[in-house]
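Here the structure is laid out as structure tokens; the discussion comes afterwards.
Just follow the structure's listing: the first ligand is 1, and inside any ligand the first atom is 1. Keep in mind that the numbers below use all heavy atoms, side chains included, and drop hydrogens, waters and symmetry copies. What you see is a predicted model, and the numbers here were worked out from it, not measured in a lab.
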Amino acid sequence: MRAMVLHIPGQPLQCEERPIPSPGPQQLLIKVLACGVCRTDLHLVDGELPQAQLPRVPGHEIVGQVTAVGSEVEPGWVGRRVGVPWLGWTCGECAFCRSGRENLCDQARFTGCHLDGGYAEYTVADARYCLPLPDALSATQAAPLLCAGLIGFRALQMAGNARHLGLYGFGAAAHLAIQVAVGRGQQVYAFTRPDDHVGQDYARSLGATWAGPSDEAPPHALDASLIFAPVGSLVPLALSVTVKGGCVICAGIHMSDIPAFPYRLLWGERSLRSVANLTREDGTAFFAQVQHTPVHCDVTCFALDEANQALARLRDGRCKGAIVLTP
Ligand SMILES: [Zn+2]
Ligand SMILES: [Zn+2]
């Protein structure tokens with residue numbers, strides 16, 4: 001099979017011929033139909049994920065067809081279409097795992113980080129962490145939901161029933177989260193880079209009440225904000241337009257340093273927290289929600305061997321919606 005492999009951070013991925021992997025006892029062998037390109041893949045390529053083990057095949061938004069199973073897996077999996085998300089394995093025994101917070105497991109292994117991912121024609125994944133997908137979704141539509149969709153959903157759940165909701169950074173995650181939020185009747189305020197008028201128009205077209213540059217005050221104070229852009233200076237900006245008792249949620253795995261800010265921005269029981277990874281329960285809840293409130297994913301497709309171009313496109317930040325590789 002062909003696979004795109006990261007050997008050295010900062011270097012392009014290399015296209016390699018590899019043997020098709022054999023599934024371990026608990027694993028599925030999956031023929032990849034589509035794999036989303038996530039900002040986390042850029043952080044991996046840039047050497048910003050210290051836990052990553054190289055060489056590695058990136059990609060943790062995988063949709064594929066099961067073609068074989070390991071010795072301890074039900075043979076009924078063969079032929080099914082599954083999603084493989086970021087959370088690839090957890091210990092199942094630690095205090096986090098036993099309290100419904102497997103996303104925080106210290107021994108967790110993440111797809112495309114500790115485990116080879118979906119920038120390849122085939123991959124293997126632990127059956128217990130794979131998600132069955134609704135038939136109605138095409139592979140390219142479903143792939144970005146597996147991280148961008150799920151992380152946005154987990155962040156939205158943390159924001160509770162915020163009536164006025166801010167979204168900072170209008171990429172793949174925000175373009176899905178806004179559809180869920182608008183479907184729930186929330187008012188969404190979208191913040192983009194100052195000169196990104198295309199992004200602001202795009203946010204309005206998806207139902208944003210208001211869209212503008214991130215350093216501008218929205219027309220209404222926010223009950224909660226989700227920050228998807230990896231830019232620490234957005235944190236004090238978001239806090240400064242949040243109501244007392246409101247919250248600011250950082251949804252990325254990596255963020256530049258947060259500048260010092262006056263305590264009064266946090267005072268008034270405002271809270272600041274991060275979203276880390278996801279649980280299998282998030283996956284089940286999100287795909288159940290998508291059956292009721294369908295979300296449309298705007299997708300730009302690249303061939304597998306164009307993965308470096310796809311990453312460059314994501315980096316320049318001018319892509320509407322999500323980017324997907326199709327082997
Ligand atoms: Zn654990
Ligand atoms: Zn991701």
Side-chain angles (χ1 to χ4, degrees), residues 4 6 13 26 32 34-46 48-49 51-52 56-63 83-119 123 125-126 128-131 140 142-156 169-177 226-230 249-255 274-283 286-287 295 297 299-300 307 310-311 313-315 317 319 321-325:
M4 298 298 289
L6 177 69
L13 307 181
Q26 307 268 18
V32 178
C35 182
V37 177
C38 174
R39 180 159 289 280
T40 300
D41 303 342
L42 278 182
H43 295 315
L44 175 82
V45 168
D46 290 344
E48 289 168 336
L49 301 184
Q51 68 270 47
R56 183 62 60 223
V57 178
H60 57 272
E61 298 182 325
I62 308 168
V63 176
V84 184
W86 172 246
L87 186 76
W89 186 87
T90 55
C91 80
E93 290 167 2
C94 70
F96 294 118
C97 284
R98 285 184 296 147
S99 59
R101 295 178 295 162
E102 62 185 2
N103 59 308
L104 302 179
C105 176
D106 284 327
Q107 295 185 65
R109 293 184 205 150
F110 298 116
T111 312
C113 181
H114 306 100
L115 305 162
D116 279 337
Y119 286 25
T123 193
D126 191 310
R128 298 166 295 179
Y129 295 82
C130 292
L131 297 164
T140 49
L145 302 185
L146 286 156
C147 183
L150 266 168
I151 291 291
F153 180 70
R154 186 173 173 86
L156 268 181
F170 212 79
H175 105 284
L176 295 169
L226 316 183
I227 302 182
F228 293 110
I249 295 159
C250 303
I253 192 169
H254 175 86
M255 189 179 242
S274 63
V275 168
N277 316 315
L278 65 138
T279 65
R280 285 173 279 181
E281 265 183 62
D282 294 328
F286 177 57
F287 282 103
V295 292
C297 196
V299 172
T300 304
L311 287 165
R313 182 74 173 273
L314 179 62
R315 191 185 296 283
C319 192
I323 296 175
V324 170
L325 300 180

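- Closest non-hydrogen pair, H60 versus C35, comes out as N-SG, 4.2 Å.
- The CG atom of D282 lies 7.0 Å from the CG atom of N103; values are rounded to the nearest 0.5 Å.
- In this structure a side-chain-to-backbone donor-acceptor pair under 3.5 Å is missing from R56 to L6.
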Does the pair I62 and L146 meet the rule for a side chain to side chain contact (heavy atoms under 4.5 Å, CB included), with working shown?
-> CA-CA 7 Å; I62 308 168; L146 286 156; 5.5 Å; no

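- Under 2.8 Å from the Zn ion (ligand 1), one finds the following protein N/O/S atoms: C91 SG, C94 SG, C97 SG, C105 SG.
- Atom CZ in F110 sits 10.0 Å away from atom CG in L49 (nearest 0.5 Å).
- Nearest heavy atoms, T90 versus E102: CG2-O, 3.5 Å.
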